[in-house]
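See below for the structure under consideration.
Every chain is numbered from 1, with letters handed out A, B, ... down the list of sequences.
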There are 2 protein chains.
Amino acid sequence: MIGTKGDYGVRALIDLAMYGGDGPVQRAEIARRQHVPEAYLDHLLAQLRRAGLIRSTRGPSGGHELARDAKEITLLQVLETLEGSLAPLPCLEDHDGEGTVCAQQWVWREIYDDMRVRLGAVSLQNLADRERERLLQTALSYSI
Amino acid sequence: MIGTKGDYGVRALIDLAMYGGDGPVQRAEIARRQHVPEAYLDHLLAQLRRAGLIRSTRGPSGGHELARDAKEITLLQVLETLEGSLAPLPCLEDHDGEGTVCAQQWVWREIYDDMRVRLGAVSLQNLADRERERLLQTALSYSI
DNA sequence: ATGATGTTGACCGGAATAGTCGTGAATTAC
DNA sequence: GTAATTCACGACTATTCCGGTCAACATCAT
(Lines give C-alpha, C1' and ligand atoms only; values in the text may rest on other atoms or scores of the structure.)
Protein backbone atom coordinates (compact mmCIF):
# COMPACT_ATOMS: atom_id res chain seq x y z
CA MET A 1 0.00 0.00 0.00
CA ILE A 2 2.73 2.44 0.93
CA GLY A 3 5.83 1.97 -1.11
CA THR A 4 9.26 3.53 -0.88
CA LYS A 5 7.81 6.59 -2.50
CA GLY A 6 5.66 7.61 0.41
CA ASP A 7 8.27 6.63 2.91
CA TYR A 8 11.07 8.50 1.16
CA GLY A 9 8.86 11.52 0.78
CA VAL A 10 7.95 11.61 4.45
CA ARG A 11 11.59 11.17 5.39
CA ALA A 12 12.53 14.08 3.18
CA LEU A 13 9.94 16.33 4.79
CA ILE A 14 11.01 15.28 8.25
CA ASP A 15 14.51 16.21 7.21
CA LEU A 16 13.32 19.65 6.18
CA ALA A 17 11.48 20.02 9.46
CA MET A 18 14.60 19.11 11.39
CA TYR A 19 17.36 20.87 9.50
CA GLY A 20 15.47 23.60 7.70
CA GLY A 21 15.66 26.11 10.53
CA ASP A 22 18.13 28.42 8.86
CA GLY A 23 17.67 28.52 5.12
CA PRO A 24 16.91 25.90 2.50
CA VAL A 25 18.22 22.36 2.57
CA GLN A 26 19.84 20.85 -0.51
CA ARG A 27 18.71 17.71 -2.23
CA ALA A 28 22.12 16.15 -1.75
CA GLU A 29 22.01 16.65 2.02
CA ILE A 30 18.56 15.15 2.32
CA ALA A 31 19.53 12.22 0.14
CA ARG A 32 22.61 11.53 2.21
CA ARG A 33 20.98 11.83 5.61
CA GLN A 34 17.84 9.91 4.74
CA HIS A 35 19.39 7.32 2.46
CA VAL A 36 17.25 8.18 -0.51
CA PRO A 37 18.62 7.94 -4.08
CA GLU A 38 19.21 11.53 -5.06
CA ALA A 39 17.91 11.14 -8.62
CA TYR A 40 14.70 9.68 -7.31
CA LEU A 41 14.32 12.29 -4.63
CA ASP A 42 14.00 14.75 -7.46
CA HIS A 43 10.61 13.39 -8.46
CA LEU A 44 9.35 13.39 -4.96
CA LEU A 45 10.39 16.96 -4.28
CA ALA A 46 8.78 18.00 -7.55
CA GLN A 47 5.50 16.43 -6.52
CA LEU A 48 5.67 17.95 -3.08
CA ARG A 49 6.32 21.35 -4.56
CA ARG A 50 3.44 21.11 -7.01
CA ALA A 51 1.25 20.21 -4.07
CA GLY A 52 2.40 23.34 -2.25
CA LEU A 53 3.99 21.52 0.64
CA ILE A 54 7.51 22.80 0.02
CA ARG A 55 9.14 25.82 -1.55
CA SER A 56 12.32 25.50 -3.59
CA THR A 57 14.86 28.13 -4.49
CA ARG A 58 17.57 27.64 -7.06
CA GLY A 59 21.04 28.81 -7.57
CA PRO A 60 23.94 28.44 -5.18
CA SER A 61 22.83 28.14 -1.59
CA GLY A 62 19.37 27.28 -2.88
CA GLY A 63 17.43 24.25 -1.79
CA HIS A 64 14.11 23.25 -0.29
CA GLU A 65 12.11 24.24 2.73
CA LEU A 66 8.67 23.62 4.13
CA ALA A 67 6.05 25.94 2.72
CA ARG A 68 4.12 25.89 5.98
CA ASP A 69 4.79 25.26 9.61
CA ALA A 70 5.63 21.65 10.39
CA LYS A 71 2.63 21.53 12.71
CA GLU A 72 0.35 22.34 9.80
CA ILE A 73 1.38 19.50 7.54
CA THR A 74 -0.13 16.13 8.27
CA LEU A 75 1.02 12.68 7.35
CA LEU A 76 -2.24 12.23 5.49
CA GLN A 77 -1.57 15.19 3.22
CA VAL A 78 1.91 14.00 2.41
CA LEU A 79 0.94 10.45 1.64
CA GLU A 80 -2.06 11.38 -0.44
CA THR A 81 0.10 13.73 -2.44
CA LEU A 82 2.70 11.11 -3.16
CA GLU A 83 0.72 7.92 -3.33
CA GLY A 84 -2.58 9.23 -4.55
CA SER A 85 -5.77 8.20 -2.86
CA LEU A 86 -5.05 5.73 -0.09
CA ALA A 87 -8.39 4.04 -0.64
CA PRO A 88 -7.93 0.30 -0.25
CA LEU A 89 -10.58 -0.39 -2.87
CA PRO A 90 -10.97 1.31 -6.25
CA CYS A 91 -14.62 2.03 -5.59
CA LEU A 92 -13.85 4.30 -2.65
CA GLU A 93 -12.94 7.85 -3.68
CA ASP A 94 -12.43 7.10 -7.37
CA HIS A 95 -15.75 8.34 -8.64
CA ASP A 96 -14.84 8.50 -12.31
CA GLY A 97 -14.90 4.83 -13.22
CA GLU A 98 -18.07 3.03 -12.25
CA GLY A 99 -16.37 -0.20 -11.40
CA THR A 100 -18.35 -3.41 -11.27
CA VAL A 101 -16.17 -4.47 -8.37
CA CYS A 102 -16.54 -4.11 -4.62
CA ALA A 103 -18.93 -6.02 -2.56
CA GLN A 104 -18.22 -5.33 1.15
CA GLN A 105 -17.66 -1.64 0.58
CA TRP A 106 -19.03 -0.68 3.92
CA VAL A 107 -16.30 -2.52 5.84
CA TRP A 108 -13.65 -0.85 3.79
CA ARG A 109 -15.32 2.49 4.18
CA GLU A 110 -14.99 2.20 7.95
CA ILE A 111 -11.39 1.09 7.72
CA TYR A 112 -10.56 3.82 5.28
CA ASP A 113 -12.17 6.52 7.39
CA ASP A 114 -10.37 5.33 10.49
CA MET A 115 -7.12 5.37 8.62
CA ARG A 116 -7.59 8.90 7.39
CA VAL A 117 -8.42 10.13 10.86
CA ARG A 118 -5.30 8.58 12.33
CA LEU A 119 -3.01 9.77 9.57
CA GLY A 120 -4.56 13.21 9.70
CA ALA A 121 -3.76 13.47 13.39
CA VAL A 122 -0.02 13.15 12.88
CA SER A 123 1.94 16.24 11.92
CA LEU A 124 5.43 16.58 10.56
CA GLN A 125 6.28 18.23 13.85
CA ASN A 126 5.28 15.06 15.68
CA LEU A 127 7.37 12.96 13.36
CA ALA A 128 10.38 15.23 13.60
CA ASP A 129 10.19 15.11 17.41
CA ARG A 130 10.08 11.33 17.34
CA GLU A 131 12.98 11.23 14.95
CA ARG A 132 15.10 13.48 17.12
CA GLU A 133 14.28 11.20 20.02
CA ARG A 134 15.26 8.13 18.04
CA LEU A 135 18.56 9.60 16.89
CA LEU A 136 19.35 10.47 20.48
CA GLN A 137 18.67 6.92 21.58
CA THR A 138 20.89 5.31 18.97
CA ALA A 139 23.61 7.83 19.63
CA LEU A 140 23.49 6.89 23.32
CA SER A 141 23.52 3.18 22.63
CA TYR A 142 26.69 3.63 20.61
CA SER A 143 28.43 5.65 23.28
CA ILE A 144 27.80 3.05 25.96
CA MET B 1 -4.58 -2.63 -2.00
CA ILE B 2 -7.35 -5.04 -2.88
CA GLY B 3 -7.46 -5.91 -6.54
CA THR B 4 -9.92 -7.88 -8.58
CA LYS B 5 -8.40 -11.01 -7.14
CA GLY B 6 -9.63 -10.52 -3.62
CA ASP B 7 -12.92 -9.17 -4.77
CA TYR B 8 -13.58 -12.02 -7.20
CA GLY B 9 -12.60 -14.52 -4.56
CA VAL B 10 -14.94 -13.09 -1.97
CA ARG B 11 -17.73 -13.00 -4.51
CA ALA B 12 -17.15 -16.63 -5.35
CA LEU B 13 -17.33 -17.63 -1.71
CA ILE B 14 -20.46 -15.60 -1.15
CA ASP B 15 -21.91 -17.44 -4.11
CA LEU B 16 -21.10 -20.74 -2.50
CA ALA B 17 -22.62 -19.57 0.75
CA MET B 18 -25.81 -18.58 -1.05
CA TYR B 19 -26.32 -21.35 -3.56
CA GLY B 20 -24.37 -24.18 -2.02
CA GLY B 21 -27.18 -25.50 0.12
CA ASP B 22 -27.77 -28.65 -1.84
CA GLY B 23 -24.61 -30.04 -3.33
CA PRO B 24 -21.60 -28.46 -4.99
CA VAL B 25 -21.74 -25.42 -7.23
CA GLN B 26 -20.01 -25.43 -10.59
CA ARG B 27 -17.33 -23.04 -11.66
CA ALA B 28 -19.37 -22.01 -14.66
CA GLU B 29 -22.35 -21.07 -12.53
CA ILE B 30 -20.27 -18.98 -10.18
CA ALA B 31 -18.55 -17.29 -13.08
CA ARG B 32 -21.86 -16.44 -14.72
CA ARG B 33 -23.59 -15.17 -11.60
CA GLN B 34 -20.67 -13.19 -10.26
CA HIS B 35 -19.30 -11.95 -13.57
CA VAL B 36 -15.88 -13.44 -13.07
CA PRO B 37 -13.87 -14.80 -16.01
CA GLU B 38 -14.19 -18.55 -15.68
CA ALA B 39 -10.59 -19.34 -16.60
CA TYR B 40 -9.38 -16.93 -13.99
CA LEU B 41 -11.77 -18.19 -11.38
CA ASP B 42 -9.93 -21.48 -11.68
CA HIS B 43 -6.85 -20.03 -10.05
CA LEU B 44 -8.75 -18.43 -7.27
CA LEU B 45 -10.63 -21.61 -6.45
CA ALA B 46 -7.33 -23.48 -6.45
CA GLN B 47 -5.89 -21.08 -3.89
CA LEU B 48 -8.99 -21.24 -1.77
CA ARG B 49 -8.87 -25.01 -1.87
CA ARG B 50 -5.22 -25.16 -0.91
CA ALA B 51 -6.04 -22.87 1.99
CA GLY B 52 -8.73 -25.27 3.10
CA LEU B 53 -11.60 -22.85 2.67
CA ILE B 54 -13.44 -24.88 0.05
CA ARG B 55 -13.77 -28.49 -1.00
CA SER B 56 -14.00 -29.49 -4.66
CA THR B 57 -15.29 -32.67 -6.30
CA ARG B 58 -14.98 -33.53 -9.97
CA GLY B 59 -17.01 -35.40 -12.44
CA PRO B 60 -20.58 -34.75 -13.47
CA SER B 61 -22.55 -32.96 -10.79
CA GLY B 62 -19.28 -32.08 -9.12
CA GLY B 63 -18.29 -28.58 -8.14
CA HIS B 64 -17.23 -26.55 -5.16
CA GLU B 65 -18.58 -26.01 -1.68
CA LEU B 66 -17.51 -24.34 1.52
CA ALA B 67 -15.31 -26.51 3.68
CA ARG B 68 -16.71 -24.96 6.85
CA ASP B 69 -19.82 -23.17 7.92
CA ALA B 70 -20.23 -19.74 6.39
CA LYS B 71 -20.23 -18.27 9.89
CA GLU B 72 -16.77 -19.66 10.51
CA ILE B 73 -15.05 -18.04 7.56
CA THR B 74 -14.07 -14.41 7.93
CA LEU B 75 -13.36 -11.79 5.34
CA LEU B 76 -9.91 -11.47 6.83
CA GLN B 77 -9.08 -15.11 6.18
CA VAL B 78 -10.26 -14.93 2.61
CA LEU B 79 -8.39 -11.77 1.75
CA GLU B 80 -5.19 -12.84 3.40
CA THR B 81 -5.21 -16.11 1.48
CA LEU B 82 -5.77 -14.43 -1.82
CA GLU B 83 -3.87 -11.20 -1.47
CA GLY B 84 -1.20 -12.19 0.98
CA SER B 85 -0.50 -10.07 4.02
CA LEU B 86 -2.62 -6.95 4.00
CA ALA B 87 0.06 -4.99 5.83
CA PRO B 88 0.13 -1.48 4.45
CA LEU B 89 3.86 -1.23 5.00
CA PRO B 90 6.49 -3.86 4.20
CA CYS B 91 7.97 -3.62 7.69
CA LEU B 92 4.78 -4.84 9.33
CA GLU B 93 4.44 -8.62 9.33
CA ASP B 94 7.32 -9.29 6.96
CA HIS B 95 9.94 -10.17 9.50
CA ASP B 96 12.38 -11.81 7.09
CA GLY B 97 13.81 -8.74 5.34
CA GLU B 98 15.11 -6.10 7.70
CA GLY B 99 13.99 -3.20 5.56
CA THR B 100 15.58 0.19 6.02
CA VAL B 101 12.18 1.70 5.31
CA CYS B 102 9.36 2.78 7.58
CA ALA B 103 9.48 5.70 9.81
CA GLN B 104 6.01 6.19 11.33
CA GLN B 105 5.50 2.50 11.91
CA TRP B 106 3.49 3.03 15.01
CA VAL B 107 0.71 4.85 13.17
CA TRP B 108 0.49 2.10 10.63
CA ARG B 109 0.58 -0.54 13.28
CA GLU B 110 -2.57 0.95 14.81
CA ILE B 111 -4.28 1.23 11.45
CA TYR B 112 -3.32 -2.27 10.48
CA ASP B 113 -4.55 -3.75 13.74
CA ASP B 114 -7.81 -1.91 13.46
CA MET B 115 -8.25 -3.19 9.94
CA ARG B 116 -7.65 -6.77 10.89
CA VAL B 117 -10.12 -6.56 13.74
CA ARG B 118 -12.81 -5.19 11.48
CA LEU B 119 -12.20 -7.63 8.68
CA GLY B 120 -12.04 -10.49 11.13
CA ALA B 121 -15.45 -9.55 12.46
CA VAL B 122 -17.18 -10.06 9.14
CA SER B 123 -18.19 -13.59 8.19
CA LEU B 124 -19.26 -15.01 4.86
CA GLN B 125 -22.65 -15.47 6.42
CA ASN B 126 -22.87 -11.73 7.05
CA LEU B 127 -21.87 -11.00 3.50
CA ALA B 128 -24.29 -13.51 2.03
CA ASP B 129 -27.13 -11.99 4.05
CA ARG B 130 -26.27 -8.54 2.82
CA GLU B 131 -26.06 -9.78 -0.72
CA ARG B 132 -29.47 -11.43 -0.51
CA GLU B 133 -30.82 -8.16 0.81
CA ARG B 134 -29.24 -6.23 -2.02
CA LEU B 135 -30.58 -8.55 -4.68
CA LEU B 136 -34.02 -8.22 -3.18
CA GLN B 137 -33.78 -4.44 -3.31
CA THR B 138 -32.73 -4.27 -6.94
CA ALA B 139 -35.37 -6.82 -7.89
CA LEU B 140 -37.99 -4.63 -6.23
CA SER B 141 -36.77 -1.47 -7.88
CA TYR B 142 -37.12 -3.14 -11.26
CA SER B 143 -40.62 -4.38 -10.59
CA ILE B 144 -41.89 -0.94 -9.63
C1' DA C 1 29.04 34.67 -18.80
C1' DT C 2 29.44 30.66 -16.07
C1' DG C 3 28.77 27.41 -12.95
C1' DA C 4 25.90 25.50 -9.44
C1' DT C 5 21.51 24.10 -8.72
C1' DG C 6 16.81 23.00 -9.55
C1' DT C 7 13.00 21.19 -13.23
C1' DT C 8 11.18 18.26 -16.32
C1' DG C 9 10.03 14.49 -18.82
C1' DA C 10 11.57 10.49 -21.35
C1' DC C 11 13.08 6.12 -20.55
C1' DC C 12 14.12 1.37 -18.60
C1' DG C 13 13.99 -3.10 -16.07
C1' DG C 14 11.64 -5.92 -12.99
C1' DA C 15 7.79 -7.50 -10.50
C1' DA C 16 3.04 -8.16 -9.79
C1' DT C 17 -1.54 -8.50 -11.57
C1' DA C 18 -4.90 -10.27 -14.67
C1' DG C 19 -6.03 -13.29 -17.67
C1' DT C 20 -5.98 -17.34 -21.42
C1' DC C 21 -5.23 -21.98 -22.98
C1' DG C 22 -4.23 -26.73 -23.30
C1' DT C 23 -3.76 -30.99 -21.33
C1' DG C 24 -4.70 -34.34 -17.94
C1' DA C 25 -7.17 -36.65 -14.17
C1' DA C 26 -11.25 -38.00 -11.57
C1' DT C 27 -15.98 -39.17 -11.37
C1' DT C 28 -20.47 -40.37 -12.97
C1' DA C 29 -23.89 -42.17 -16.34
C1' DC C 30 -24.83 -45.36 -19.79
C1' DG D 1 -15.53 -49.77 -20.90
C1' DT D 2 -16.55 -45.58 -22.87
C1' DA D 3 -18.23 -41.10 -23.14
C1' DA D 4 -19.47 -36.96 -20.93
C1' DT D 5 -18.74 -33.82 -17.38
C1' DT D 6 -16.18 -31.28 -14.29
C1' DC D 7 -12.19 -30.07 -11.73
C1' DA D 8 -6.72 -29.64 -11.58
C1' DC D 9 -2.53 -27.84 -12.88
C1' DG D 10 0.92 -25.51 -15.23
C1' DA D 11 2.68 -22.82 -19.17
C1' DC D 12 2.17 -18.80 -21.43
C1' DT D 13 0.94 -13.76 -22.53
C1' DA D 14 -0.49 -9.01 -21.86
C1' DT D 15 -0.70 -5.04 -19.20
C1' DT D 16 0.15 -2.15 -15.52
C1' DC D 17 2.74 -0.22 -11.77
C1' DC D 18 6.91 0.89 -9.30
C1' DG D 19 11.55 2.13 -8.36
C1' DG D 20 15.02 4.28 -10.31
C1' DT D 21 18.25 6.54 -13.88
C1' DC D 22 19.48 9.96 -17.30
C1' DA D 23 19.96 13.74 -20.13
C1' DA D 24 18.51 18.16 -21.55
C1' DC D 25 16.86 22.51 -20.20
C1' DA D 26 15.79 26.65 -17.05
C1' DT D 27 17.20 29.77 -13.66
C1' DC D 28 19.57 32.21 -10.35
C1' DA D 29 23.87 34.26 -7.78
C1' DT D 30 28.01 36.09 -8.50
| Does the distance from a Lys or Arg side-chain N to an Asp or Glu carboxylate O, for A/D113 and A/R109, drop under 4.0 Å? | yes
| said: Assigning hydrophobic clusters by single linkage (Ile, Leu, Val, Met, Phe, Trp, Tyr; side-chain heavy-atom cutoff under 4.5 Å), is B/M115 placed with B/W106? | reply: yes
| note | note: A/R27, atom CZ; C/dT8, atom P; distance rounded to Å ~ 12 Å
| Nucleotide nearest A/Y40 when distance is taken to its side chain, options C/dT7, D/dG20, C/dG19 | D/dG20
| remark: Among D/dA8, C/dT5, D/dT5, the one nearest any side-chain atom of B/P60 is D/dT5
| Phosphate OP1/OP2 of C/dA18 contacted by B/Y8 side-chain N/O (<4.0 Å) | no
| request: Consider the side chain of A/R50, meaning its heavy atoms from C-beta on, and name the nucleotide among D/dA8, C/dT7, C/dT8 that approaches it most closely. | output: C/dT8
| task | Assign B/A39 to base, sugar-phosphate, or nothing according to its heavy-atom contacts below 4.0 angstrom with the strands shown. | result | base
Under 3.5 Å, which donor-acceptor pairs link side chains of residues 118-125 of chain A to any protein atom two or more places apart or in another chain?
from, atom 1, to, atom 2, distance (Å)
A/R118, NE, A/D114, OD2, 3.0
A/R118, NH1, B/E110, OE1, 2.9
A/S123, OG, A/Q125, N, 3.3
A/S123, OG, A/N126, N, 3.1
A/S123, OG, A/N126, OD1, 3.3
A/Q125, NE2, A/D129, OD1, 3.3

| said: Less than 4.0 angstrom from a charged side-chain N to a carboxylate O is my criterion; do B/E80 and B/R116 meet it? | reply: yes
| remark: Heavy-atom nearest nucleotide on DNA chain D taken for A/L41 and for A/G59; more 5' hit belongs to A/L41
| Any side-chain N or O of A/R49 less than 4.0 Å from the OP1 or OP2 oxygen of C/dT7? | yes
| request: Check the distance between D/dT16's P and B/M1's CE and give it to me in whole angstrom. | output: 23 Å
| request: Verify the contact: side-chain N or O of A/T4 to OP1 or OP2 of D/dG19, cut-off strictly under 4.0 Å; return yes or no. | output: yes
| note | Whole-Å distance, B/R58 CZ to D/dA3 C1', equals 17 Å
| To the nearest angstrom, how far is A/D7 atom CG from D/dG20 atom C1'? | 16 Å
| said: Looking at A/R134 and A/E131, is any side-chain nitrogen of the basic one under 4.0 Å from a carboxylate oxygen of the acidic one? | reply: yes
| remark: Separation of C/dA18 atom P from B/L82 atom CG, nearest Å, is 11 Å
| request: Quickly work out the B/E38 CD to C/dC21 C1' distance and round it to whole Å. | output: 13 Å
| field | Whole-Å gap separating C1' (C/dA16) and CD (B/E83) | value | 11 Å
| note | Checking C/dG9, C/dG6, D/dA29 against the side chain of A/H43 (C-beta onward), the nearest is C/dG9
| field | Rounded distance [0.5 Å steps], CZ in A/R11 versus CG in A/L16 | value | 14.0 Å
| message | So for B/D42 and D/dC7, does any side-chain atom that can act as donor or acceptor lie under 3.5 Å from a complementary atom in the base? | response | no
| said: It should be established whether B/R55 places a side-chain nitrogen or oxygen under 4.0 Å from OP1 or OP2 of nucleotide D/dA8. | reply: no
| request: Would you indicate what B/T57 reaches in the nucleic acid, counting non-hydrogen atoms under 4.0 angstrom: base, sugar-phosphate, or nothing? | output: sugar-phosphate
| request: State which of C/dT28, C/dT7, C/dT20 makes the closest approach to the side chain of B/P37. | output: C/dT20
| Whole-Å distance between D/dA4 P and B/Q26 CD? | 18 Å
